[in-house]
Amino acid sequence: MIDHTSRPVAIELSALTKRFGDMAAVDGVDLQIAEGEFFSMLGPSGSGKTTVLRLIAGFEQPTSGTVSLFGRDVTTVAPFDRDVNTVFQDYALFPHMSVLDNVAYGLRVRGMSRITRHARAREALDRVRLADFADRKPTQLSGGQRQRVALARATVVEPKALLLDEPLGALDLKLREQLQVELKELQRSLGITFIFVTHDQEEALTLSDRIAVFNNGRIEQLGTPAELYERPVSPFVASFVGTSNIFDDAVSLALLGRRGTHSLRPERIGLTVGDTADGITAPGTIAEVIYLGTNTRILVDLDAGQRITVLAPYGRERFSDHDRGARVTASWRDADVISLQSPTTPPTAPSEKTPIEMRSR
Amino acid sequence: MRLGRLSKVTLGAITGLVLALIYVPLLVVLVNSFSTSKNLVWPPPGFTLEWWGKAFRNAGALEALWTSVLVALSSTIIALVLGTLISIALQRYQFFGRDTVSLLVILPIALPGIVTGIALNNAFRTILDLKLTILTVIIAHATFCIVTVFNNVLARLRRMGTNFEEASSDLGAGLWTTFRLVTFPQLRSALFAGGLLAFALSFDEIVVTTFTIGGGVETLPIWILNNLFRPNQAPVVSVIAVVLVVVSVIPIYIAQRIAGSEQTRR
């Protein structure tokens, strides 16, 4: 784990705001990212995370606020004069160039001779195990191979920070998990800052030193994966990072005996048939049992009027589809209940109607 | 949707009739260019290659052909440069009056040629005090040739999106380098198709040409018009007409093939 407080600041955003018409895609973001940090920006579509990345890369100009890279204010500096490189969501490999020429492109525009840049590009392709594909066109590669070419192209110019815009979004699950490992290894060996945009909370938790959770153009919470998972500050973070049972004011009063908004992770709830259980208990009826392999997800309608999700590991008390309608008792330790700030936003992720991930056009 | 036998026959007959109406007269011109009759009597009393030989030794016709090629090439080149620039400006940048400029660029193709011709004639002679020469024809043709280039390039830019240009800029390339290494290579086939159409438009244009050409210079269509009613020239005119048709149709055919193959490729 990188201790971000003891390292020099790589990227600093101050009061960064970007408006598209009436809508603030990014709304007063302050952020410091350390050198060598694997930093993720996590959020649903339209939460502003991609726009922040584009502001750092220089593809967008902020409406107000500043972007500093390695101590230099680059707010008005063009993308080609910034020491950061981007891996695009759709890779943006030049279709009319060979894989080798794609990787060598950044070196070519820096005026490096053909022989040197091709040698360097071949090394870079070798690192991503694509040396044999140098003469192919990007269209002749698979999604995972294209992704690795994009990585090679962005890193061969030795940027001080790498920006990754949902780089694994278009790949299937197996490949994604494999490339996650490769990304993490690459980041370690290069030792540079990675800024990783994703809407996949699991991916963010797996890879990151720190995560900023975005919602409605603002950072809702900033912290290590463990902090975000174990101590979410708001209903939004509690339900976006992993799943949570959210108890509003009235339900909290009925179940916990105190007011406020609270959350409880499904795996922290025990379920027993009948009414024998320790700790805080709440009786209810099983509404649905979903078999997930390593564990089982059970939806329980509590008598207090709330439907909760319980995650029961394989092997202990087994529930099956036949248990629908059965009377059960849910129980948990009070220490596992997390007190949240009262909801400023709805506890579920915003609907698809909320503004699209804004791009320049 | 299945059609009955009668409908099929009827629709087929109508299609055949319409196509015949368009192409039989062209065929007659082709046949007449080989006719032994000087007055285009039908049916031709006999066949000869005399007129083709004469046409290719006819100094006036050859000069007109050269003039037409020069005009078409020059106005196509102007259209390629200006059309590309304006389409990049309109597709990639936001500015005040963008929609208006876009409309004004396309308009010349819809304007009646006679209006464009009179207006340009007036502007060249009285306002700009220019002598009407082959140059004024080139400028006049370029006004509507731009449109075909503009349309092709604009569509391509729209489909390309800005990702490649952003990637290039991200990797350190300035505006001009990005255009040269990334944008232009991807525009090439669109420029080729647009340029061919522009060439074809200019090559057989007559109305605007009539009003903007100087004395003593003739493009091929003008030469045909001037020679059509001269005694004994009719068969030679037929030959030139055939040449004109062929030179105009080939670029259109190639441009269509390019557009077609790109559509199926995607």
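Chain letters run A, B, ... following the sequence lines, proteins first, then strands; residues in each count from 1.
- Between the side chains of A/T86 and B/D170, at least one donor N or O lies within less than 3.5 Å of an accepting N or O.
- For the residue pair A/D101 and A/H118, a side-chain donor N or O sits within less than 3.5 Å of a side-chain acceptor on the partner.
- Contact of A/L93 with chain B is made through the backbone alone, with heavy-atom distances under 4.5 Å.
- Of the two parts of A/R82, neither the backbone nor the side chain holds a non-hydrogen atom closer than 4.5 Å to a non-hydrogen atom of chain B.
- Ring orientation note: the planes of B/F179 and B/W176 are close to parallel, at an angle under 30° on the 30°/60° scale.
- Between A/R127 and A/E182 there is no salt bridge, since none of the side-chain N atoms of the basic residue sits less than 4.0 Å from a carboxylate O of the acidic one.
- Neither the backbone nor the side chain of A/V156 comes within contact range of chain B; no heavy atom of the residue lies under 4.5 Å from a heavy atom of that chain.
- Remark: A/R188 is not positioned above the aromatic ring of A/F194, lacking an NZ or CZ atom under 6.0 angstrom from the ring centre and at most 45 degrees off the axis.
- For A/R54 and B/E166, the salt-bridge test passes: some basic side-chain N is under 4.0 Å from an acidic carboxylate O.
- Residues A/T75 and A/D73 bring a donor and an acceptor atom of their side chains to less than 3.5 Å of each other.
- Contact of A/D90 with chain B is made through the side chain alone, with heavy-atom distances under 4.5 Å.
- B/H141 and B/F144 have tilted rings, their planes meeting at an angle from 30° to 60° on a 0 to 90° scale.
- Contact annotation for residues 246-253 of chain B against chain A (heavy-atom separation below 4.5 Å): no residues qualify.
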